[in-house]
Amino acid sequence: MNLAKKVLLVGLCLIIAAGAVFAGGGRQAGSGKTKIYFIPKNLGNPYFEAIRLGFDEALKELDPAQTKYDFIFTGPATPEATSQIEYVEAAVQNGAKAIFIAANSNDALNATFDDARRRGTRIYIINQDIPGSEAHRDVAIEPCDMSTVGQAQLDLLHGLINGEGEFAILSATTDAPDQNTWIDSMRAILARNDPKFANMKLVEVVYGDDQPEKSTTEMEALITKWPNLKGVIAPTTVGIAAATKVIQTRGIANRIKVTGLGLPSEMKEFIVDGSSPGFQLWDPPAEGYLGVYMVDAEVNKGFTPGPGASFQAGKLGTITIQPTGKIFTIARPKLFDKNNLQDFVY
Ligand code: RAM
């Protein structure tokens with residue numbers, strides 16, 4: 001090989017190496033597979049395992065030989081506002097193509113998201129949005145049209161307590177974007193002086209931080225502090241399970257109705273023994289499922305995520321991104337009670 005050819009070859013190698021380093025958000029580091037990350041609010045919450053089922057299902061359909069995608073499920077132990085930052089940074093460092101994240105704050109991750117996107121990583125908020133910070137993410141996969149949840153939860157409790165009495169809300173963390181969206185809309189509905197809710201009084205909102213022990217303590221404290229309490233809405237699967245357990249232990253299901261958003265698999269025993277009168281939820285696995293199809297559409301089918309864009313998501317059919325950059329996985333929350341125990345699959 002003459003000198004000119006050698007120089008050309010070395011140059012080409014350098015260009016290829018540089019391309020691999022600077023490609024950003026793709027196949028550069030390690031295995032050569034496209035990396036998909038799922039960062040839940042925190043590990044150890046079975047709700048996020050339910051979302052994960054959908055990621056796994058779609059990956060099996062699209063990549064049965066496991067040669068195309070690496071799926072990494074990682075996150076903090078507890079859901080504090082800033083606890084996910086280091087996980088996002090590490091994912092970007094590791095060449096993530098897409099990060100699906102159930103953010104613990106509306107805005108604490110904005111700079112981290114900006115940096116990730118600059119480096120070619122898609123930021124997909126999953127199971128919620130980050131109100132006020134939408135410009136810092138690519139798309140938000142919402143479990144349903146979130147604007148319907150506050151009304152649905154209030155209507156549910158209204159039916160259980162005959163529209164009368166004091167009630168409290170047992171939430172997750174004070175920063176949680178999803179719970180705060182729902183609580184804000186419940187407060188707005190109650191402030192409208194709708195005669196339907198005239199005899200229902202929200203006495204307190206407490207926070208169990210999506211930790212079973214703290215949620216139990218908060219529920220116990222509510223019962224002590226509000227002797228006339230008729231109901232509790234816990235719009236968190238961790239909170240409702242802990243609060244209903246308190247009802248079960250004390251045998252007071254007739255006195256206080258606990259409802260909210262529950263994970264069917266965790267709530268089944270309470271439905272069966274009558275400690276829970278029913279609750280709402282959606283289809284968590286569908287969120288992960290369509291997320292994988294969205295990544296695959298971009299990697300293999302020339303799709304670019306953005307308002308108005310559509311892609312095919314296997315058994316879920318055509319998914320279209322709303323003008324707001326949101327995807328609504330289903331339209332509205334669905335009721336789970338003793339009449340549809342066969343639907344308690346996740
Ligand atoms: C908890 C989490 C999650 C929420 C569900 C309903 O598991 O707070 O973010 O969507 O409840």
Side-chain angles (χ1 to χ4, degrees), residues 38-54 73 75-81 83-84 100-106 108-109 124-131 140-150 152-153 156 169-186 205-216 218-219 232-245 258-267 270 276 278-288 291 326-330 332-336 344 346:
F38 174 30
I39 303 179
K41 281 179 168 176
N42 63 299
L43 297 180
N45 176 350
Y47 179 82
F48 294 105
E49 297 291 340
I51 295 182
R52 184 187 180 165
L53 291 175
F73 180 57
T78 52
E80 279 97 43
S83 62
Q84 294 159 310
F100 292 85
I101 178 167
N104 283 316
S105 159
N106 281 348
L109 291 111
Y124 295 126
I125 308 297
I126 190 163
N127 195 51
Q128 53 180 81
D129 203 345
I130 40 174
I141 301 174
E142 297 199 334
C144 66
D145 178 347
M146 303 268 275
S147 68
T148 67
V149 176
Q153 294 270 280
L156 177 57
I169 294 174
L170 168 58
S171 188
T173 63
T174 51
D175 291 305
D178 44 355
Q179 277 87 12
N180 285 345
T181 300
W182 305 324
I183 294 169
D184 285 351
S185 75
M186 286 189 239
V205 180
V206 296
Y207 298 89
D209 292 349
D210 268 352
Q211 302 297 323
E213 306 74 27
K214 177 142 197 288
S215 305
T216 303
E218 294 294 342
M219 179 63 188
V232 173
I233 296 177
T236 140
T237 60
V238 179
I240 193 176
T244 309
K245 181 85 195 158
V258 173
T259 190
L261 299 171
L263 192 61
S265 55
E266 290 188 295
M267 295 299 289
F270 302 128
S276 168
F279 57 91
Q280 294 166 333
L281 201 71
W282 31 74
D283 183 355
E287 300 177 46
K326 296 176 195 287
I327 291 171
F328 299 145
T329 306
I330 63 170
R332 289 163 187 281
K334 155 181 167 186
L335 178 68
F336 289 83
F344 287 39
Y346 35 78

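None of the values given here were measured: they were computed from a predicted structure. As the structure lists them, so they are numbered: ligands from 1, and atoms in each ligand from 1.
- Panel note: side chain Q280, backbone A152; a donor-acceptor pair is recorded below 3.5 Å.
- Polar contact with ligand 1: present for K41 (N/O pair, distance under 3.5 Å).
- Taking a cut-off of under 4.0 Å to the non-hydrogen atoms of N127, the atoms of ligand 1 that pass are 3 (C), 4 (C), 9 (O), 10 (O).
- Near D210, with a cut-off below 4.0 Å to any heavy atom, the atoms of ligand 1 are 1 (C), 2 (C), 8 (O).
- Atoms of ligand 1 found under 4.0 Å from any heavy atom of Q179, numbered from 1 in the order shown, are 2 (C), 4 (C), 8 (O), 11 (O).
- Here's the thing with W182: none of its N/O atoms is less than 3.5 angstrom from an N/O atom of ligand 1.
- Residues satisfying the salt bridge (Lys or Arg N to Asp or Glu O under 4.0 Å) test with D129, not counting sequence neighbours, are R137, K326.
- At a cut-off of 3.5 Å, with distance as the only test, a side-chain donor of Y47 or N127 sits close to an acceptor on the other residue.
- The D178 neighbourhood of ligand 1 comprises atoms 3 (C), 4 (C), 9 (O), 10 (O), with distances under 4.0 Å to a heavy atom of that residue.
- Checking only distances, W282 never comes within under 3.5 Å of ligand 1, N or O to N or O.
- F48 and A102 make their closest contact through CE2-CB, 3.7 Å (heavy atoms, listed as atom of the first residue, atom of the second, distance).
- Legend: residues meeting salt bridge (Lys or Arg N to Asp or Glu O under 4.0 Å) with D209, ordered by chain and number and at least two apart, are K214.
- Less than 4.0 angstrom separates some heavy atom of F48 from each of these atoms of ligand 1: 3 (C), 9 (O).
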task = Could you go through the side chain to side chain contact (heavy atoms under 4.5 Å, CB included) check for C144 and V149 one step at a time?
result = CA-CA 8 Å; C144 66; V149 176; 3.6 Å; yes
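- Considering only non-hydrogen protein atoms, atom 11 (O) of ligand 1 sits nearest to T237 N, 2.9 Å.
- With a 4.0 Å cut-off on non-hydrogen atoms, L263 does not touch ligand 1 at all.
- Ring planes of F344 and F336: perpendicular class, angle over 60° (limits at 30 and 60°).
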